[in-house]
Amino acid sequence: MECLFCKIINKEMTSEIVYEDDKVVVFKDIHPKAPIHFLILPKKHIPSVDHLEIQDKTLMGELILVAQKIAKEQGIAGYKLMINVGRDGGQIIDHLHLHFLAGKPIEMP
Ligand code: 5GP
Ligand code: ZN
């Protein structure tokens, strides 16, 4: 079965997209854990951080720079970036993504 996030990237499923460029997509999390909760992901299907290869290192940097760009554009002074890795790390969707959380003080889990 095709990956849920790939379906969103390919517009086969709707979501509230807040940013998109040739390599990265950002959309609102369907079950927000904070007043602002975005998911930042590469368009390339990489299952998790555990599956990253050396040629993906620039792409990972771009995900973080997109977080910074969104924060600046939306006037968000502080935010938390979180990546779950594997089932034991709390990952449910096997398409690498950064959680962008803001809008209230966010505790470490
Ligand atoms: P994970 O636990 O894999 O790090 O995070 C997956 C996130 O995807 C969860 O926070 C969950 O709420 C979100 N999510 C799951 N299904 C959908 C969906 O169909 N649309 C959107 N926008 N978010 C989803
Ligand atoms: Zn995918």
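Just so you know, ligand 1 is whichever comes first in the structure, and atom 1 is the first atom listed for that ligand. When reading the values below, keep in mind they use all heavy atoms of this one structure, side chains included, and skip hydrogens, waters and symmetry mates.
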Decide, yes or no, whether a salt bridge links E62 with K69 under the criterion of side-chain N to carboxylate O below 4.0 Å.
no

Under a heavy-atom criterion of less than 4.0 Å, does E16 contact ligand 1?
no

NZ/NE/NH1/NH2 to OD/OE distance under 4.0 Å, K7 and E12
no

Which heavy atom of the protein is the closest neighbour of atom 5 (O) of ligand 1, given with residue, atom name and distance?
H97 NE2, 3.1 Å

Is the contact between F38 and ligand 1 made by the side chain, the backbone, both, or neither, using heavy atoms and a 4.0 Å cut-off?
neither

Any salt bridge linking K44 with D56? Criterion: basic side-chain nitrogen under 4.0 Å from a carboxylate oxygen.
yes

What do we get for I83 next to ligand 1 when only non-hydrogen atoms under 4.0 Å count, side chain, backbone, both or neither?
neither

Polar contacts were defined as any N/O atom of the residue lying under 3.5 Å from an N/O atom of the ligand; does this apply to I93 and ligand 1?
yes

Which atoms of ligand 1 are found less than 4.0 Å from any heavy atom of N84?
1 (P), 2 (O), 4 (O)

Checking the N or O distance criterion of under 3.5 Å, is ligand 1 in contact with G90?
yes

Should the ring pair H99 and H37 be called parallel, tilted or perpendicular, given that the plane angle runs from 0 to 90° and is split at 30 and 60?
tilted

Counting non-hydrogen protein atoms only, what is the nearest one to atom 23 (N) of ligand 1? Give residue, atom name and distance.
I30 N, 3.2 Å

